[in-house]
Amino acid sequence: MTEVIRVAVAGPFTDALDYRLPVTGPAPVIGARVRVPLGRRNIVGMVTSRPEASDLADDRLRAVTEVLDSAPLLDPATIELIEWAARYYHHPVGEAYLTALPARLRRGQSATPSVETGWRITESGEAAQIDSRSRRAPRQAMLLEALQQSKTLTAVQLAGFSGDARAALKRLVEQGLAETVTAPDYGLLQGLSNEPGAVLNAEQQSSAAAIQPGAGHQAILVDGVTGSGKTEVYLDAIERTLALGRQTLVVVPEIGLTPQLVSRFQQRLAGRIAILHSGLADGERLNAWLAARAGEADVVIGTRSAVFAPLKHPGLIVIDEEHDPSLKQQEGFRYSARDLAVLRGYRLDIPVVLGSATPSLESLANATTGRYQCYPLRQRAGDARPPSLQLLDMRGEPTRDGLSQPLLDRVRGHLDAGGQALLFLNRRGFAPTLICHECGWLAECDRCDARYTYHRGRRRLHCHHCDRERPIPHHCPSCGSVDLRALGLGTERIEAALTDAFPDTPPVRIDRDSTRRRGSFEQAMRQARDGETRLILGTQMLAKGHHLPAVTLVAIIDADQGLFGADFRAPERLAQQIVQVAGRAGRADRPGEVVIQTHHPEHPLLQQLLHGGYSAFARTALAEREAAGLPPARAMALIRAEATARDAPNAFLQAAMQQTPGDAAIERLGPYPAPMERRAGRHRAQLMLLADSRNSLQTFLSRWLPGLSRIPEARQVRWSVDVDPVEAL
DNA sequence: AGCACGCCGACT
DNA sequence: GTCGGCGTGCTC
């Protein structure tokens, strides 16, 4: 009987592949990486199990060529999480493992952290006389003295000495007075703990007290309005977790992981902090990951994929801004870091804290059923009053570049009163459309069912869906007229209009275009925070997390685009955006004012928000989802298909629909064209599945999906599954 | 996903 | 006569 190991490798394999043990040397352990032959390649894989036997005939098994790790890289709990995620999201298991590993480990590089060289004094160094060498070798004398005092020197300390200290130390080492020592350097931030925790108010206290590190699993939703001090509650719980000698994993949206957040954690906590995000160099990322795994990091702050980071002593998981769509991966392995974090906390029997000022309807539903404990934080720090919301009825109102006179008057008023105004428009560029005034021709992308956005600064037309760019035509290609006009609003246009209207108060624009340069986002936010700029304008980049205490007026320039979105989540997104942006105002002693320009002031969503705030909106929205049989009331999955050939996606999905198991409890919709039917030259269609429970949906998918790749039409399309989609588009 | 094989068009 | 286009199929 051949001894078999199962190895997860990258590729379209639902399950891991079977291999024989390496010809020589010890057998690899579960959780270790190996190099295995696949076709004519030799690739890195992860040992996932040690089955009794293989389903495959002996002569089809190939042998592991190299064992890359002598000890497991991943512990059993992390392996189980990855395996569970691959099954739940119906994604090839090898890719799930790859997602969990830093790039260097994916490539088979060694799982060792950077090393720092230091120097230590020897016994003879202790005894050596300093005076005797101070004339001939003053630098050596100086270093010897330093070593006699502090016993060790690090490379960082060495940089503080003048001249070639390294060469002098080398001489000391040669004389046997010092020796080099190496230590792993995980690149961690040392918590300074030089800021006492803020005194918690009653609400914060009760939510913090509910979090009980060390007392088993619990899921706690901290539903805290902006400025209510959610972070203080996290920090309090993290401190107590630290005191138990356990680690905390903090998962944040990509944009939420800012230097300010990190520095706040560092100032406040005593432990060592590892940062895990996509902007890190491969080496830094590996170091941070290894530090989490080794238990060297007490707190691990990371974006989505950090949910898979192995932890030696897990004690607490925090998910900040749990409503944020970026916590769900939008391509390939479409996992939800939030949902996996909750599962992970359950499996590890540790608390999970979810925080948001605008909780997802999913989490609110879980709070209603009692799966999550819910702690509202309604009180704002320093007794700042909540901002007052007002609608500006735009019907019949003359506008100049989208800004109504009442809005301009408000802005003027706040500026005159020494306040700051923040204007929000979730559309970058100058205008979303370029139109010929003579014949009505529209500048349309030839690869997408979309119009080009006119970017005046870059002097280009840019398709935001496929990234295609082209120069601005001088005349209409249809009728030859030179009267081409920008139609609609973008941030660039608002910027120009503001510059005109308030020539003494130049605005700062914050969107993806204006912050392309590294550090420019931070710089713009700093300018805004310091009051250097008093007119701030931008897209949803503004809505995320940054404190702008001097802002007294927030204006939503166009609420209408979100009111009638195709996606059933569009209202939820709009409400979250409005509330998040509104949260920037009225944080200090001055009460904030929020105005929303709309042509639909009677719209129930806006009325709900106005009179009952986000929680009233959410209650209504939840009831509507319930009535419509949509998530979170029911479980959803999408099958997407795309191809360059117009009819291929539909043909495939049609065939897939035919093969659907006869389960009456599963509602099947489609195939129907995706809302933007053609994108980047590909035609897109989809199927929607709805079930009363995640379980029955899973059973259905598990029976159905494996057969789909055998459908002949499948070869003409790229298709994928999205379980719990956040964009049902 | 990668990497073969395989069967048809424009080149030394 | 070959070089190479991308359709088709397989990898434990």
Side-chain angles (χ1 to χ4, degrees), chain A residues 1-25 27-69 79 82-83 85-87 89-109 305 329-335 639-649 651-652 655-656 680-683 705-722:
Chain A
M1 180 61 83
T2 316
E3 288 204 84
V4 181
I5 59 167
R6 200 152 279 171
V7 180
V9 295
F13 313 104
T14 308
D15 297 310
L17 306 180
D18 291 344
Y19 286 88
R20 253 181 290 145
L21 292 181
V23 180
T24 57
V29 294
I30 291 170
R33 292 169 304 154
V34 289
R35 226 179 264 283
V36 290
L38 182 71
R40 3 202 104 206
R41 295 176 298 156
N42 223 330
I43 58 172
V44 176
M46 173 67 67
V47 180
T48 67
S49 64
R50 201 60 206 272
E52 291 281 305
S54 173
D55 292 340
L56 258 63
D58 259 19
D59 58 356
R60 294 199 54 197
L61 296 182
R62 300 170 76 182
V64 168
T65 42
E66 189 186 356
V67 178
L68 293 170
D69 304 296
I79 290 178
I82 295 167
E83 296 267 346
R87 279 195 308 279
Y89 293 104
H90 296 272
H91 197 79
V93 72
E95 308 241 330
Y97 276 96
L98 289 191
T99 303
L101 294 182
R104 285 205 177 171
L105 298 183
R106 287 205 288 268
R107 290 195 300 259
Q109 289 175 264
S305 67
Q329 181 137 314
Q330 291 291 7
E331 55 185 44
F333 179 29
R334 296 172 173 262
Y335 65 97
I639 313 295
R640 296 190 171 87
E642 58 171 59
T644 43
R646 171 176 288 277
D647 298 320
F652 165 70
R682 309 182 73 87
H683 293 269
L705 296 176
L708 294 196
S709 46
R710 289 192 294 275
I711 294 176
E713 288 90 338
R715 285 200 298 269
Q716 325 288 327
V717 303
R718 286 209 311 233
W719 67 278
S720 64
V721 192
D722 191 350

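Since the structure is predicted, the reported quantities are computational estimates derived from the model, not experimental observations. Here is how names work: the chains are called A, B, and so on, in the same order as the sequence lines, proteins then strands, and each is numbered from 1.
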Would a 4.5 Å heavy-atom cut-off, applied to side chains only, mark Val34(A) and Tyr19(A) as touching?
no
Between dT11(C), dG9(C), dC12(C), which nucleotide has the shortest distance from any of its atoms to the side chain of Phe13(A)?
dT11(C)
Take Arg718(A) and Arg40(A), find for each the nucleotide of DNA chain B with the closest heavy atom, and name the residue whose nucleotide sits nearer the 5' end.
Arg718(A)
Checking side-chain contact (heavy atoms from CB on, under 4.5 Å) between Arg6(A) and each of Asp18(A), Ile30(A), Leu17(A), which is the one that passes?
Asp18(A)
Just to be sure I understand the rule, does Pro92(A) reach a base, reach only the sugar-phosphate, or reach nothing, if contact means heavy atoms closer than 4.0 Å?
nothing
For atom CG of Asn42(A) and atom C1' of dC12(C), their distance in whole Å:
13 Å
Can you tell me how the ring of Tyr89(A) sits relative to the ring of Phe333(A), calling it parallel under 30°, perpendicular over 60° and tilted otherwise?
perpendicular
Interatomic distance where CG belongs to Leu21(A) and P belongs to dC12(C) [whole Å]:
16 Å
Any base atoms under 4.0 Å from Arg715(A), or only sugar-phosphate, or nothing? Heavy atoms, all strands.
sugar-phosphate
Roughly how many Å is it from CZ in Arg710(A) to P in dC10(C), rounded to a whole number?
13 Å
Separation of Thr99(A) OG1 from Tyr335(A) OH (nearest 0.5 Å)
6.0 Å
Write down the distance between CG (Leu17(A)) and P (dC12(C)), rounded to a whole number of angstrom.
8 Å
Tell me, please, the opening and closing nucleotides of DNA chain B, 5' to 3', among those with an atom under 4.0 angstrom from a non-hydrogen atom of chain A.
dA1(B) to dA4(B)
Which pair of non-hydrogen atoms, one from Ala714(A) and one from Ser709(A), has the smallest distance, and what is that distance?
CB-O, 4.1 Å
Could you identify which residues of residues 60-69 of chain A place a heavy atom less than 4.0 Å from some atom of DNA chain C, listed by residue number, or say none?
Arg60(A), Leu61(A), Arg62(A)
